[in-house]
Amino acid sequence: EAHKLKKGEVKSVDMVGQNMVVYRGEDGVAYALEAYCLHMGAHLGVGGEVVNTSCIQCPFHGWLYDGKSGHCVVIKSYI
């Protein structure tokens, strides 16, 4: 239940047959996104962190997904 999520809290859930990640942003809004990072498939609900008010950061390579749009908004490059 969304009202139980605390600011910055990230949880993995299964909804309608899909793996999802739910989190409450620093803005107080609850967000739900597909659980897997587009880059290498890391599960955002396992080690993902809330950053930049409404985004969740991939625990592997730092890609950021915005809860408001669902889009990847920052792709980090490591050389």
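Given the structure is predicted, the values throughout are model-derived calculations rather than measurements. This chain uses plain numbering: 1 for the first residue, then up along the sequence.
A distance of 5.5 Å separates CG of L64 from SG of C55, quoted to the nearest 0.5 Å. In this structure, CD on E34 lies 9.0 Å from CG on L44, to the nearest 0.5 angstrom. W63 CH2 to I56 CD1: the interatomic distance, rounded to the nearest 0.5 Å, is 15.0 Å.
Ring orientation note: the planes of H61 and H39 are nearly perpendicular, at an angle over 60° on the 30°/60° scale.
With hydrogens and angles ignored, the 3.5 Å screen pairs a side-chain donor or acceptor of Y23 with a backbone N or O of G67. Remark: side-chain polar atoms of R24 are not paired, donor with acceptor, to backbone N or O of K4 under 3.5 angstrom.
The shortest side-chain heavy-atom distance between S54 and D66 falls under the 4.5 Å cut-off. Contact check for L33 versus M20: no side-chain heavy atoms found under the 4.5 Å cut-off.
Of all non-hydrogen atoms in Y65 and G70, the two that sit nearest each other are CD2-O, 4.4 Å. Across every non-hydrogen atom of M15 and A32, the tightest pair is CE-CB, 4.3 Å. Residues A30 and L5 approach most closely at CB-CD1, 4.4 Å, considering heavy atoms. Among all heavy-atom pairs drawn from A42 and C58, the shortest one is CB-SG, 3.6 Å.
Transitive grouping of hydrophobic side chains (ILVMFWY, heavy atoms separated by less than 4.5 Å) brings V50 and V29 into a common cluster. Under the 4.5 Å side-chain heavy-atom criterion for grouping Ile, Leu, Val, Met, Phe, Trp and Tyr, L38 is not connected to V46 through any hydrophobic cluster.
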Legend entry - Verdict with supporting geometry, H43 and Y36, ring pair (Phe, Tyr, Trp, His ring centres under 6.0 Å): CA-CA 5 Å; H43 197 296; Y36 300 101; 5.0 Å; yes
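Counting heavy-atom neighbours within 6.0 Å of M40 CE, excluding the residue itself, gives a total of 12 or less.
In summary, E9 and K11 engage in a salt bridge, as defined by a charged side-chain N under 4.0 Å from a carboxylate O.
Side-chain contact, D27 with T53: no donor N or O sits under 3.5 Å from an acceptor N or O.
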